[in-house]
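What follows is a single structure, written as structure tokens, with notes after it.
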Protein chains: 4
Amino acid sequence: MKNNKPKFKQIIDAAVTVIAENGYHASKVSKIAAQAGVADGTIYLYFKNKEDILVSLFQEKMGQFIEKTEQQIDLKQNAEEKMKTLIHMHFSQLSDDHDLAIVTQLELRQSNKELRLMINEVLKRYLSIIDRIVEEGIAEGSFDPKLNIRLVRHMIFGTLDETVTNWVMKEQKYKLADQVNEVHKLIIKGLSR
Amino acid sequence: MKNNKPKFKQIIDAAVTVIAENGYHASKVSKIAAQAGVADGTIYLYFKNKEDILVSLFQEKMGQFIEKTEQQIDLKQNAEEKMKTLIHMHFSQLSDDHDLAIVTQLELRQSNKELRLMINEVLKRYLSIIDRIVEEGIAEGSFDPKLNIRLVRHMIFGTLDETVTNWVMKEQKYKLADQVNEVHKLIIKGLSR
Amino acid sequence: MKNNKPKFKQIIDAAVTVIAENGYHASKVSKIAAQAGVADGTIYLYFKNKEDILVSLFQEKMGQFIEKTEQQIDLKQNAEEKMKTLIHMHFSQLSDDHDLAIVTQLELRQSNKELRLMINEVLKRYLSIIDRIVEEGIAEGSFDPKLNIRLVRHMIFGTLDETVTNWVMKEQKYKLADQVNEVHKLIIKGLSR
Amino acid sequence: MKNNKPKFKQIIDAAVTVIAENGYHASKVSKIAAQAGVADGTIYLYFKNKEDILVSLFQEKMGQFIEKTEQQIDLKQNAEEKMKTLIHMHFSQLSDDHDLAIVTQLELRQSNKELRLMINEVLKRYLSIIDRIVEEGIAEGSFDPKLNIRLVRHMIFGTLDETVTNWVMKEQKYKLADQVNEVHKLIIKGLSR
DNA sequence: GATGAATGAGGTTTCATTCAT
DNA sequence: TATGAATGAAACCTCATTCAT
């Protein structure tokens with residue numbers, strides 16, 4: 001697995017740093033190589049092309065993001081608790097990794113349509129976590145059974161994403177973690193019977 | 001006012017068409033000029049540079065978008081109705097102008113940080129419409145007085161934006177207008193006392 | 001005679017001012033037109049093209065330069081006096097018209113080879129004044145009859161031109177007029193029997 | 001030292017050829033690259049930009065020019081001999097490198113003020129050679145002690161430069177080398193006691 | 001004569017990618 | 001594996017000139 005080779009991760013971490021610092025368009029392959037401490041050509045031993053660095057970056061980081069989120073959610077007993085954990089994990093993980101937040105909320109969105117479609121592919125796993133919680137809530141009887149799952153999914157993800165983006169853009173003048181309870185209440189009220 | 005000169009609008013409309021068709025980065029100035037039926041150099045009589053076309057495009061189109069939305073909202077009597085009108089106008093206007101939806105939801109977001117900050121400036125006017133409806137609802141007694149306005153704003157805009165983006169990405173396989181009622185119910189439930 | 005029309009001179013004077021201020025390459029036709037207080041298109045009623053402004057400028061200004069020089073020289077009785085007058089007129093006229101000095105010594109030399117050949121055409125009249133003085137000096141018996149006229153012409157013109165250019169480049173930190181006597185002595189010594 | 005890399009000199013020599021042939025403004029970077037047998041982009045591995053090619057060209061060529069001149073002058077015993085060697089070297093070196101003469105006498109002077117200031121910087125070394133010879137002549141007692149060094153410098157450089165420029169413009173219809181003796185006599189007469 | 005909006009050709013430079021070592 | 005010098009395609013913008021009014 002390429003993912004186990006140390007240089008692979010080394011280059012991805014370098015990419016996060018460089019993109020967060022310089023922005024997507026100013027992030028030249030040579031800069032990423034320099035930050036990773038390898039030669040330009042070495043990049044191409046681990047990645048097909050520049051876009052592949054970004055896709056891999058998102059897969060790698062989002063994979064960890066999702067995994068940790070799932071682990072925490074599995075510890076909870078009911079949909080409402082799980083929803084709170086989802087929100088908490090979403091906010092805290094991006095809050096803790098400043099550079100990653102900039103990259104996922106701002107810089108990666110400057111990529112072209114093709115790359116964004118791939119990113120959406122990765123996101124699906126995350127969206128299905130949301131779906132499962134909602135379905136569980138309906139089954140438990142705590143959420144409204146008439147909910148349109150797709151719509152609810154957009155509402156939840158849209159709310160979280162917009163909140164984080166705004167927080168990143170406002171240069172983190174307030175604590176994201178402080179928003180968890182209020183956001184949770186707002187969402188739960190929309191979902192409940 | 002440059003906005004009254006016919007060529008100004010002509011070029012902006014050409015830009016919407018070309019960007020929707022080719023994507024932001026493949027949209028060469030020469031292509032936009034050709035589509036507008038003017039010479040390349042003429043572009044620079046009306047716009048400072050390529051980026052200025054995008055800023056102006058967004059200001060012009062978003063200006064109309066907001067104006068029409070405000071007009072319709074003003075006809076309604078209470079916050080709940082106004083919210084429904086907001087959602088309806090948001091969905092219908094983007095639904096009706098296919099190319100514009102692609103440009104605002106996908107292509108314009110590929111621009112750099114500076115441009116996005118300008119776009120946010122324009123968006124503020126729209127977000128303040130949302131704020132006013134929420135405040136009105138609270139004053140009327142129909143919305144929960146303890147609502148955190150900023151958070152609610154993110155929820156509403158995030159939900160609408162995410163829904164439209166998903167609709168654009170799914171290549172409009174379903175009717176956006178059909179979602180109005182459900183989205184409205186979902187949001188209102190979150191806001192109500 | 002186009003030269004008698006007021007706008008012709010108006011545009012030439014504007015060109016001198018604009019070129020002296022902005023340099024040759026930054027002197028756009030539109031800037032010259034603005035400075036002259038006419039429309040861009042009007043320039044082309046009086047001049048064939050941009051280069052023609054420069055050629056005309058040089059002809060007009062150099063024509064006056066040469067005429068005045070000749071008038072003063074004609075008042076003198078012998079070659080040595082005439083030479084002193086030539087040097088004096090060369091230095092004083094350029095010293096008195098700051099902008100013109102910048103244009104002739106620095107900016108006009110940035111033009112292309114073709115324009116410089118035309119400029120040389122105009123210069124010939126000036127060089128022939130030099131030649132005549134030298135020939136007169138030889139006939140009078142005060143200058144060495146074995147002098148190579150062309151060479152002497154280069155020496156005299158080269159000396160004057162280099163001195164003025166250096167004075168312009170040094171931003172006129174010293175008085176050009178103060179150099180007349182010394183330059184005269186130096187040249188006369190080279191020419192005398 | 002970049003100057004030791006073969007491609008650096010290769011590109012400079014290509015620039016001399018291309019500029020002499022096409023003139024400064026018609027000398028596109030792509031033409032220089034083609035003449036040097038490298039890709040367009042390679043130019044930018046060795047030079048900051050197009051102007052830097054010209055500055056480097058002048059430094060490189062003028063450096064050699066000055067060095068050779070100094071070497072020959074050092075072999076001579078007195079100021080008069082040294083002056084003759086200076087004139088001889090000045091004429092012969094430019095006479096021998098046709099293209100270089102065109103570039104230094106005509107094309108390089110079309111550059112902008114900034115570039116010309118850099119060129120003047122390089123020229124100072126040459127002018128100080130002249131100064132030293134004159135001072136030596138005065139010390140020896142062969143030159144007039146009352147000479148104004150700066151003026152004499154302008155006379156000598158102006159005479160040589162004007163002579164070469166005229167020779168280049170006249171398309172070398174006569175031998176420059178044949179002028180050495182006469183120019184020398186003329187100058188020496190002006191300098192001597 | 002005078003205007004000034006419109007034209008459109010043309011070139012420098014960047015940077016992802018390759019490949020000989 | 002790793003290197004990094006070399007490649008070469010691709011596009012924004014300027015500005016002299018025109019011509020309908």
Side-chain angles (χ1 to χ4, degrees), chain A residues 2 5-8 11 25-34 36-54, chain B residues 2 5-8 10-11 25-34 36-53, chain C residues 2 5-8 11 25-34 36-54, chain D residues 2 5-8 10-11 25-34 36-53:
Chain A
K2 61 179 184 176
K5 304 208 176 152
K7 286 207 176 149
F8 179 83
I11 291 166
H25 282 113
S27 292
K28 297 151 203 174
V29 171
S30 59
K31 244 185 207 164
I32 296 174
V38 301
D40 293 13
T42 305
I43 298 273
Y44 292 87
L45 298 175
Y46 296 91
F47 301 90
K48 225 175 43 250
N49 50 34
K50 188 185 179 182
E51 193 173 291
D52 189 34
I53 306 178
L54 296 174
Chain B
K2 61 178 185 176
K5 300 203 180 160
K7 290 221 168 128
F8 180 83
Q10 206 171 312
I11 292 167
H25 282 113
S27 292
K28 303 162 204 163
V29 170
S30 60
K31 251 185 203 161
I32 296 174
V38 300
D40 292 15
T42 305
I43 299 273
Y44 294 89
L45 295 177
Y46 296 92
F47 301 91
K48 239 187 11 263
N49 50 37
K50 191 184 175 183
E51 189 173 294
D52 189 35
I53 304 179
Chain C
K2 61 178 186 177
K5 303 208 177 153
K7 286 206 176 149
F8 180 83
I11 292 166
H25 281 114
S27 293
K28 297 150 203 175
V29 170
S30 60
K31 243 185 207 163
I32 295 174
V38 299
D40 292 15
T42 305
I43 298 273
Y44 292 87
L45 298 175
Y46 296 90
F47 300 91
K48 228 175 40 250
N49 50 35
K50 189 185 178 182
E51 192 173 292
D52 189 34
I53 306 177
L54 296 174
Chain D
K2 61 179 186 174
K5 297 201 181 161
K7 291 223 167 124
F8 180 84
Q10 205 171 314
I11 292 166
H25 282 113
S27 292
K28 303 163 204 163
V29 170
S30 60
K31 246 185 207 164
I32 296 174
V38 300
D40 291 15
T42 304
I43 299 273
Y44 293 87
L45 297 177
Y46 296 91
F47 301 91
K48 238 187 14 264
N49 50 36
K50 192 184 174 183
E51 190 173 297
D52 190 34
I53 305 178

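The listed nucleotides are E/dG8, F/dA16, F/dA9; the one nearest the side chain of D/Asp40 is F/dA9. Among the nucleotides E/dA16, E/dA2, F/dC13, the one closest to any side-chain atom of B/Tyr44 is F/dC13. Nearest nucleotide to the B/Asn49 side chain, out of F/dC13, E/dA2, F/dA16: F/dC13.
Put simply, the side chain of C/Lys7 never gets that close to the backbone of C/Leu45: no donor and acceptor are under 3.5 Å apart.
Contact annotation: D/Tyr46 side-chain N/O to F/dA5 OP1/OP2 distance is not under 4.0 Å. The side chain of A/Lys7 contributes an N or O atom lying less than 4.0 Å from OP1 or OP2 of F/dA2. Residue D/Lys50 places none of its side-chain N or O atoms closer than 4.0 Å to OP1 or OP2 of E/dT13.
Take the nearest nucleotide of DNA chain F for B/Leu45 and for D/Thr42: the residue whose nucleotide is more 5' is D/Thr42. Of the two residues near DNA chain E, B/Ile43 and D/Lys28, the one whose nearest nucleotide lies more 5' is B/Ile43.
For E/dA5, the paired base is F/dT18 (Watson-Crick or G-U wobble, both distances below 3.5 Å).
The distance from atom CG of D/Asp52 to atom P of E/dT12 is 14 Å, rounded to the nearest whole Å. Counting to the nearest Å, the P atom of F/dA5 and the CZ atom of D/Phe8 are 16 Å from each other.
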